Amino acid sequence: MSLIIDNAGFDVAAMAQLTKKQFVELHQDNPAIKYGKSDAELKKWLEDAYAAIVEKAKASGAVPAAQ
Amino acid sequence: MADILSIPNCGSASGTQNIGTPICDIIRGIPLGFILLDAGVGFSSSDRASLSAFNTALRTKTRALRGSRAYPFFKLTNFEDKSKEPTRATAGNLTNTDIITQDGVPAFAFQHRLGDVMHQQLMKFANAGCTILLVDKNYVVYGTISGTTFTGFSLSEFFVGLPKFGSPSALSFYPFEVTLASETEYKESGRFIQGDSTTVTVTGIRDVVLDASIAVSVLSVGLTALQGKNLTDLYATELAQAGAYIVKKTSGGASVTVSPAFNSSTGKMDLTLSGAAWTGATTGDAFTVNLAASSVLAGLASPIDGYESTGAVTFLKP
């Protein structure tokens with residue numbers, strides 16, 4: 001199951017197994033996700049994306065990682 | 001007990017002939033196009049249970065894996081019947097009666113005007129071993145029965161001719177022709193399915209060429225559809241679905257987790273790679289990236305219908 005945010009797609013089940021810190025560190029170097037964002041904007045974008053992934057994971061019954 | 005020894009069938013009770021006109025029949029129309037089928041592909045009785053079932057089966061077969069696929073083509077601009085005349089022989093020197101000894105071999109010449117790239121696509125069918133269904137402008141699909149399966153006519157040749165330049169008096173055109181292999185398939189075993197306009201809306205698959213370059217854990221993937229179109233121009237959002245890609249370690253085939261994102265400055269998809277197969281690999285380990293099968297792409301939550309990768313691209317872990 002994919003969650004697409006601003007033309008960036010995430011495997012909900014796999015990403016929900018990461019902690020927020022792991023998720024942000026994993027994606028912060030992706031040029032497509034970084035494009036047009038300052039470091040602060042990028043961090044906030046990724047944190048908001050992670051929150052949305054966890055919400056969707058919970059809704060679908062997948063167990064998110066402990067924060 | 002009955003005995004058929006030395007008893008010719010001269011209209012006796014064992015014959016099957018009758019002359020009553022059918023209550024309803026079809027008259028062949030002008031050819032509209034054809035559908036090539038991979039060898040062995042056909043339509044079972046359940047595929048033929050209704051017109052809706054047939055159209056669904058046909059559409060499914062156009063997106064099936066190679067070897068089980070249907071290839072529709074409805075862009076004909078010219079048709080000629082090139083069937084050889086029947087062979088005749090004189091009955092003997094005491095009569096001037098000619099008798100047909102061999103029926104003509106069905107053969108048909110076509111043209112299209114789609115272009116050079118399409119013509120080169122057609123050339124790949126010369127040795128593909130396909131069978132052919134013919135479709136006329138009344139949406140009737142003509143084929144043959146093989147056992148209980150409706151399938152295409154066997155081909156002894158699928159020949160793609162030289163493309164022709166235009167001149168002040170004639171347009172350019174692209175000729176090709178087919179010669180059927182079996183008179184029996186076409187004549188005695190010929191069958192038809194009365195389709196509708198939906199039948200001829202099915203399309204073939206477009207090739208997509210991938211290119212890939214890796215930086216740390218981000219794989220930049222370019223997708224160029226036939227011929228030269230950047231697929232992200234059409235499917236930037238749909239290509240952000242992880243299920244559109246297959247990234248695997250070459251040795252062992254372990255799958256890599258993919259987070260695809262559209263890079264508007266490069267026009268490519270940037271895939272963040274993660275998961276044990278990636279993080280546990282060593283510098284220099286080989287991986288491959290490919291698009292998922294055409295049927296999988298067409299079945300995604302946001303579908304990408306009618307495209308297929310020409311093949312996986314290999315890259316090495318930095």
Side-chain angles (χ1 to χ4, degrees), chain A, chain B residues 212-223 230-248 254-280 289 291-292 296-297 299-304 318:
Chain A
M1 180 171 48
S2 276
L3 178 64
I4 300 176
I5 305 166
D6 294 341
N7 287 345
F10 304 99
D11 181 328
V12 169
M15 294 301 110
Q17 300 307 309
L18 304 178
T19 63
K20 186 196 300 188
K21 183 172 182 291
Q22 288 169 334
F23 178 84
V24 171
E25 283 175 358
L26 176 62
H27 293 98
Q28 64 188 3
D29 291 324
N30 187 314
I33 298 176
K34 281 165 64 172
Y35 184 71
K37 300 183 182 73
S38 66
D39 288 348
E41 287 168 341
L42 174 63
K43 187 165 185 281
K44 178 155 188 334
W45 191 97
L46 285 171
E47 287 174 348
D48 290 346
Y50 182 75
I53 288 167
V54 166
E55 265 314 301
K56 187 148 186 181
K58 286 177 184 169
S60 67
V63 178
Q67 301 302 297
Chain B
S213 60
I214 183 78
V216 191
S217 287
V218 180
L219 185 68
S220 173
V221 178
L223 304 105
N230 187 338
L231 204 59
T232 62
D233 289 347
L234 304 172
Y235 294 105
T237 303
E238 291 82 351
L239 285 166
Q241 296 172 97
Y245 305 90
I246 302 172
V247 178
K248 297 195 293 191
S255 293
V256 173
T257 302
V258 168
S259 301
F262 171 58
N263 188 327
S264 57
S265 69
T266 62
K268 299 189 178 189
M269 300 303 294
D270 288 337
L271 278 53
T272 301
L273 307 180
S274 61
W278 177 253
T279 56
V289 57
L291 283 178
V296 172
L297 293 177
L300 291 172
S302 298
I304 304 168

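By convention in this document, chain letters (A, B, ...) are assigned in the order of the sequence lines, proteins followed by strands, and residues within each chain are numbered from 1. Fair warning: this is a prediction, and the values are worked out from it, not measured in the lab.
Residues B:Thr257 and A:Met15 have side chains in contact (heavy-atom distance under 4.5 Å, counting atoms from C-beta outward).
With a threshold of 4.5 angstrom between heavy atoms, B:Leu239 does not approach chain A through any atom at all. Contact of B:Thr266 with chain A is not made at all, since no heavy-atom distance falls under 4.5 Å. When heavy atoms are compared at a cutoff of 4.5 Å, B:Ala301 does not approach chain A at all.
In this structure, A:His27 NE2 and B:Ser217 OG are separated by 10.5 Å, a value rounded to the nearest 0.5 Å. The distance from atom OG of B:Ser259 to atom CZ of A:Phe23, rounded to the nearest 0.5 Å, is 6.5 Å.
Among the candidates B:Met269, B:Glu238, B:Gln241, the residue making the largest number of heavy-atom pairs closer than 4.5 Å to chain A is B:Gln241. The most heavy-atom pairs under 4.5 Å with chain B, out of A:Leu26, A:Ile5, A:Leu3, come from A:Leu26.
Scanning both residues, B:Ser265 and A:Tyr35, for their nearest heavy atoms gives CB-CE1, 3.5 Å. When all heavy atoms of A:Ser2 and B:Gly243 are compared, the pair lying nearest together is OG-N, 4.3 Å.
Other residues, nucleotides and ligands contribute only 12 or fewer heavy atoms inside 6.0 Å of the CG atom of A:Asp39. Atom NZ of A:Lys37 has more than 12 heavy atoms from other residues, nucleotides or ligands within 6.0 Å.
Of the candidates B:Asn263, B:Leu219, B:Leu271, B:Asp270, B:Asp270 is the only one forming a side chain to side chain contact (heavy atoms under 4.5 Å, CB included) with A:Asn30.
With 3.5 Å as the limit, one finds a donor-acceptor pair spanning the side chains of B:Thr237 and A:Asn7.
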